[in-house]
There are 2 protein chains.
Amino acid sequence: MESKVAVTTLAALAQETRLSIFRLLVTAGPEGLAVGRIGEALGVAPATLSFHLKELAHAGLVGTRQEGRFIYYSANYAAMNELLSFLTENCCNGAPCSIPAAAGCCDGACN
Amino acid sequence: MESKVAVTTLAALAQETRLSIFRLLVTAGPEGLAVGRIGEALGVAPATLSFHLKELAHAGLVGTRQEGRFIYYSANYAAMNELLSFLTENCCNGAPCSIPAAAGCCDGACN
DNA sequence: TCCATATTTCCATTTTTATGGAAATATGGA
DNA sequence: TCCATATTTCCATAAAAATGGAAATATGGA
């Protein structure tokens with residue numbers, strides 16, 4: 001993952017409404033939720049919701065699927081994983097921490 | 001970790017300059033780097049650098065230590081780990097993915 | 001004390017982001 | 001076709017974030 005992509009992804013999550021949307025979709029599972037449902041659940045106005053969903057989609061954090069006149073948004077778990085990997089890579093470069101990146105950054109052992 | 005704290009932390013990282021600073025400090029190790037060194041390495045003006053360092057510090061992502069007239073900034077690996085945990089928690093709530101959170105969100109197996 | 005240097009604060013400016021009303025577009029059902 | 005509803009786009013406004021010059025503050029050395 002490139003730095004600019006990481007910034008875009010982080011920026012997409014760095015906002016109350018969008019973080020709520022994403023987390024809602026994460027718990028909703030792969031089938032996702034229709035836009036209206038998300039709006040109901042979070043109390044967000046249609047235009048605002050559409051704006052934020054587009055941001056999340058642009059960042060690749062969510063995907064869409066049309067079903068009748070409903071559009072279902074769902075979390076992109078793979079994109080999330082890429083971000084996590086990016087944040088932990090180069091962690092404690094070399095010594096003295098050599099805990100696998102997947103376990104988190106140095107597991108807090110560095111300081 | 002609370003949602004608002006997560007947003008603050010994500011926002012701190014969601015900016016080219018700050019992400020560069022943080023990653024530089026991550027690779028620099030626990031001893032950190034003096035402000036001037038960071039500025040040199042990244043080509044950032046003093047006022048701008050100070051602004052971003054304060055943002056990172058406010059978000060708890062970096063710590064400081066004074067040594068003579070130099071101030072050393074260093075990465076807070078524990079804070080980083082908390083953010084990672086927050087982002088992966090509730091991942092694929094219940095079924096059908098039951099991979100440990102530390103391994104990343106569903107390991108991309110959900111979709 | 002005086003000086004050199006490290007870092008921060010103050011301030012104005014520019015840029016980006018968030019919000020929601022109203023209108024437009026899309027889809028399926030009657 | 002016409003209607004009801006789902007979602008997005010357009011637009012203006014408001015709020016927040018980023019930038020860097022210049023001045024202020026802090027620290028150690030001469």
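To find a chain, count down the sequence lines: A is the first, B the second, and so on, and within it residues start at 1. The model shown is predicted, which means the values in this text are computed figures rather than measured ones.
Distance, B:Leu49 CG to D:dA18 C1': 13 Å, rounded to whole Å. Atom CG of B:Leu42 and atom C1' of D:dA18 are 16 Å apart (whole Å). One can place NE2 of B:His58 at 13 Å from P of C:dT9, the figure rounded to the nearest angstrom. Rounded to an integer number of Å, the gap from CD of A:Glu55 to P of D:dT9 is 12 Å. Nucleotide D:dA16 holds its P atom 15 Å from the CZ atom of B:Arg18, rounded to whole Å. Separating the CG atom of B:Leu53 from the C1' atom of C:dT8 is a distance of 11 Å, rounded to the nearest angstrom. Rounded to a whole Å, the CG atom of A:Leu33 is 15 Å from the C1' atom of D:dT7. Following rounding to the nearest Å, B:Leu56 (CG) and C:dT7 (C1') show an atom-to-atom distance of 16 Å.
Cation-pi check for A:Arg37 over A:Phe70 is not met; the charged atom does not lie both under 6.0 angstrom from the ring centroid and within 45 degrees of its normal.
For B:Ala47, whose side chain is taken as the heavy atoms from C-beta onward, the closest listed nucleotide among C:dC10, D:dT8, C:dG20 is C:dC10. For A:Ala45, the listed nucleotide lying nearest its side chain is C:dG20; candidates were D:dG20, D:dT9, C:dG20. Among D:dA18, C:dA18, C:dG20, the nucleotide with an atom closest to any side-chain atom of B:Phe51 is D:dA18.
Pairing for C:dA18 goes to D:dT13, judged as Watson-Crick or G-U wobble with the two contacts each under 3.5 Å. The partner of D:dA22 is C:dT9, judged by Watson-Crick or G-U wobble contacts that both fall below 3.5 Å. Using Watson-Crick or G-U wobble geometry with both donor-acceptor distances under 3.5 Å, D:dA30 finds its partner in C:dT1.
In plain terms, the two heavy atoms of B:Ser74 and B:Gly29 that are nearest each other are CB-O, 4.4 Å. Taking both residues in full, the closest heavy atoms of A:Leu61 and A:Phe22 are given as O-CE1, 3.2 Å, listed atom of the first, atom of the second, then distance. Considering every non-hydrogen atom in both B:Leu24 and B:Ala41, the closest pair reads CD2-CB, 3.9 Å.
Considering only side-chain N and O atoms, A:Thr48 lies nowhere under 4.0 angstrom from the phosphate OP1 or OP2 of C:dT19. Neither OP1 nor OP2 of D:dA17 sits under 4.0 Å from any side-chain N or O of B:His52. OP1 or OP2 of C:dT7 has not a single side-chain nitrogen or oxygen of B:Lys54 nearer than 4.0 Å. For B:Gln15 and D:dT19, the shortest distance from a side-chain N or O to OP1 or OP2 is below 4.0 Å.
If you check every strand for non-hydrogen atoms under 4.0 Å, A:Arg37 touches nothing. Within the nucleic acid shown, B:Tyr73 comes within 4.0 Å of sugar-phosphate atoms alone, with no base atom in reach, counting heavy atoms only. As judged by a 4.0 angstrom heavy-atom cut-off over every strand, A:Ala11 is placed among residues making no nucleic acid contact.
In this structure, the side chains of B:Leu53 and B:Ile38 come closer than 4.5 Å at one or more pairs of heavy atoms.
Contacts of residues 62-71 of chain A with DNA chain C (heavy atom under 4.0 Å): A:Gln66, A:Gly68, A:Arg69.
In this structure a side-chain-to-backbone donor-acceptor pair under 3.5 Å is present from B:Arg18 to B:Ala12. Between the B:Gln66 side chain and the B:Gly68 main chain, a donor and an acceptor come within less than 3.5 Å of each other. Between the A:Ser50 side chain and the A:Pro46 main chain, no donor and acceptor come within less than 3.5 Å of each other.
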